[in-house]
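Numbered from 1 within each chain, the chains take letters A, B, ... in sequence-line order.
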Protein chains: 2
Amino acid sequence: MRKVAESTVRRLSLYLRFLEEFAARGVATVSSGELASRGGTTSAQVRKDLSFFGSFGKRGMGYAVPEMVAQLREILGLARRWRVALLGAGKIGSALIEHRGFRERGFDIVAVFDQDPRKIGTAWNGLTVQDEAGLEAALRRAPVEIAILAVPSDAAQGLADRLTGLGIAAILNVAPVQLVVPPHVEVRTVSLAMELEGLSFALTNR
Amino acid sequence: MRKVAESTVRRLSLYLRFLEEFAARGVATVSSGELASRGGTTSAQVRKDLSFFGSFGKRGMGYAVPEMVAQLREILGLARRWRVALLGAGKIGSALIEHRGFRERGFDIVAVFDQDPRKIGTAWNGLTVQDEAGLEAALRRAPVEIAILAVPSDAAQGLADRLTGLGIAAILNVAPVQLVVPPHVEVRTVSLAMELEGLSFALTNR
DNA sequence: GTTTGTGAAACGATTCACAGCT
DNA sequence: AGCTGTGAATCGTTTCACAAAC
């Protein structure tokens, strides 16, 4: 089952959201075409995406919504919970932790770190902000699989190195820098600024 | 010059950042290889990316840093300023507007809208939060090129439709939904939740 | 008749490799 | 000698199109 494109996985996330909506409205089955029109792709793309993982549909019928939801959750690794550490208790971090959507989808933020003495020790949605200096000790005591890096750009790589040393499995980087990490660490970078530049380019060149 | 891949543009944004760092440190020239190692690509990729827009380097020498910075700014459409409206004065929107990085890169948030009566009229970094109901009037009086949609998922499509009606050129969508818009409207969607799911998949399947 | 699942074809992006400048 | 610029080759993704299942 190896060798699934990142673009495919992104679409699977979208399909899951649509299917959950359909499920909430009590829809029993859905066709690849319906899924496609909601997600801005084609029916062939939907079927190809799913075909990497098995065959879930009934010819002439489409896909059974609740079953498909369960399958996609399984495929995406959302049938379990993930422990997440948040690094950086600034505005962005703050917006993240209070966003209940993460918890609903299986991601539990179990620790928050910052380097600012004024923030250390303060309460945060049931958590206490810990000193970044104690990162190693804290994460060895209570390991996490994923870290969200919401710190200034110039601090990101240093923290990524420390996380790598701790054996972190994945990093979600919210800074407009390219992190250098060993190949066994999964990294996704999300940068509003870079997306805005993409829009700027698109608007300029046409 | 048409037909540049989105992945290419994203890398150009990265190159620009590295080049700005090099410029700040007074480095005069840089080779495709140096640029590549900082950005996680290959030297051939760097050269190919740039080749879409002309030839900027000197064989045997590399690229002149300050000139290259100016060129990339031009290419990305950052040699001008863009007017941006922020829709949604919640936590995420709040984090965004106070993030000075946008202004530094040429994106001026000139209006903020929300639908919550408790927020309307309050001051926000020199701006006053306006009633979402008055979106059309306000944006006709003072148009913007780009809108950042930082509202709950279920409100996103409705606002996208209203923005489209106003002739908006581009939308940066910060909600985990796929927006349906006419082809002349550029959309980029950024969803932390979906990236986390990508990490979940990667960790599960290996 | 409808819709899936999937090889094959088409398309697009990346990597290779080398000629041509400096 | 070093490094760019770029066609050609390779690799990966998307689209096509149709046989098989319901």
Side-chain angles (χ1 to χ4, degrees), chain A residues 1-15 18-19 22 27-69 71-72 75 178 183 198 201-202 205, chain B residues 1-15 18-19 22 27-69 71-72 75 178 183 198 201-202 205:
Chain A
M1 192 260 275
R2 205 55 8 92
K3 216 84 271 287
V4 178
E6 219 168 281
S7 50
T8 295
V9 178
R10 213 179 302 274
R11 284 191 300 267
L12 292 179
S13 282
L14 269 178
Y15 302 156
F18 301 151
L19 285 161
F22 284 127
V27 179
T29 64
V30 81
S31 71
S32 56
E34 293 169 291
L35 229 33
S37 65
R38 294 283 276 96
T41 24
T42 65
S43 61
Q45 180 78 80
V46 172
R47 296 198 301 276
K48 185 62 101 185
D49 286 341
L50 295 175
S51 77
F52 289 112
F53 305 96
S55 32
F56 307 105
K58 275 213 181 52
R59 293 167 197 237
M61 298 277 106
Y63 302 87
V65 172
E67 284 79 350
M68 202 66 242
V69 166
Q71 290 284 1
L72 278 179
I75 290 166
Q178 184 76 10
F201 174 85
N205 300 278
Chain B
M1 194 259 275
R2 204 58 6 94
K3 216 85 272 284
V4 178
E6 218 168 283
S7 50
T8 294
V9 178
R10 212 179 303 273
R11 283 191 300 268
L12 292 179
S13 283
L14 268 179
Y15 303 156
F18 300 151
L19 286 161
F22 284 128
V27 179
T29 62
V30 81
S31 71
S32 57
E34 294 170 291
L35 230 33
S37 64
R38 294 282 277 98
T41 24
T42 65
S43 60
Q45 180 79 79
V46 172
R47 296 197 300 276
K48 184 62 100 191
D49 287 341
L50 296 174
S51 77
F52 289 113
F53 305 96
S55 31
F56 307 106
K58 276 212 180 53
R59 291 165 198 236
M61 298 277 106
Y63 303 87
V65 172
E67 284 80 350
M68 202 65 242
V69 166
Q71 290 283 1
L72 279 178
I75 290 166
Q178 184 76 11
F201 174 84
N205 298 279

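Put simply, A/Y63 has a side-chain N or O that comes within less than 4.0 Å of OP1 or OP2 on C/dG5. Distances shorter than 4.0 Å separate none of the side-chain N or O atoms of B/Q45 from OP1 or OP2 on C/dA13. Dashed line: the shortest gap from a side-chain N or O of B/S31 to OP1 or OP2 of D/dC3 is not under 4.0 Å. Between A/S32 and the phosphate of C/dT4, there is a side-chain N or O to OP1/OP2 separation shorter than 4.0 Å.
In this structure, B/A64 and B/E67 approach most closely via the heavy-atom pair CB-OE1, 3.2 Å. Contact between B/L19 and B/V30 at its shortest, heavy atoms only, is CD2-CG1, 3.7 Å. Between A/R38 and A/F18, the shortest heavy-atom distance links the atoms O-CZ, 3.0 Å. Closest heavy-atom contact between B/I75 and A/F201: O-CD1, 3.3 Å. Across all their heavy atoms, A/F56 and A/L50 have their closest contact at CE1-O, 3.6 Å. Of all the heavy atoms in B/S32 and B/R47, the pair that sits closest is OG-NH1, 3.2 Å.
Side chain of B/R11, nearest nucleotide from D/dT14, C/dT14, C/dA17: C/dT14. Nearest to the side chain of B/T42, among D/dC16, C/dT15, D/dT13, sits C/dT15. Each of D/dG7, C/dT4, D/dT4 was ranked by its minimum atom distance to the side chain of B/K48; first place goes to D/dG7. Distance from the side chain of A/S7 is smallest for D/dT13 among the nucleotides D/dT13, C/dT14, C/dG5.
Looking at heavy atoms from C-beta onward, B/V4 lies in side-chain contact with B/F53 at the 4.5 angstrom threshold.
Spacing between atom CZ of B/R10 and atom C1' of C/dT14 amounts to 16 Å, rounded to whole angstrom units. Atom CZ in A/R47 sits roughly 6 Å away from atom P in C/dT4 (whole-Å rounding). If you take CZ of B/F52 and C1' of D/dG7, they are 13 Å apart, rounded to a whole angstrom. Here D/dC11 presents its C1' atom at 17 Å from CD of A/E6, a figure rounded to the nearest Å. We find that CG of B/D49 is positioned 17 Å from P of C/dG12, with the value rounded to whole Å. Summarising the geometry, the separation between CZ on A/F56 and P on C/dT4 is reported as 14 Å, rounded to the nearest angstrom. Here C/dT14 presents its P atom at 13 Å from NZ of B/K3, a figure rounded to the nearest Å. Taking atom CE of A/M61 as the reference point, atom P of C/dG1 lies 15 Å away to the nearest angstrom.
Comparing the start and finish of the helix from C/dG1-D/dC22 to C/dT22-D/dA1, five pairs each, the helix axis swings through 10°, to the nearest 10 degrees.
Taking only distance into account, the side chain of B/R59 never meets the base of C/dT22 through a donor-acceptor pair shorter than 3.5 Å.
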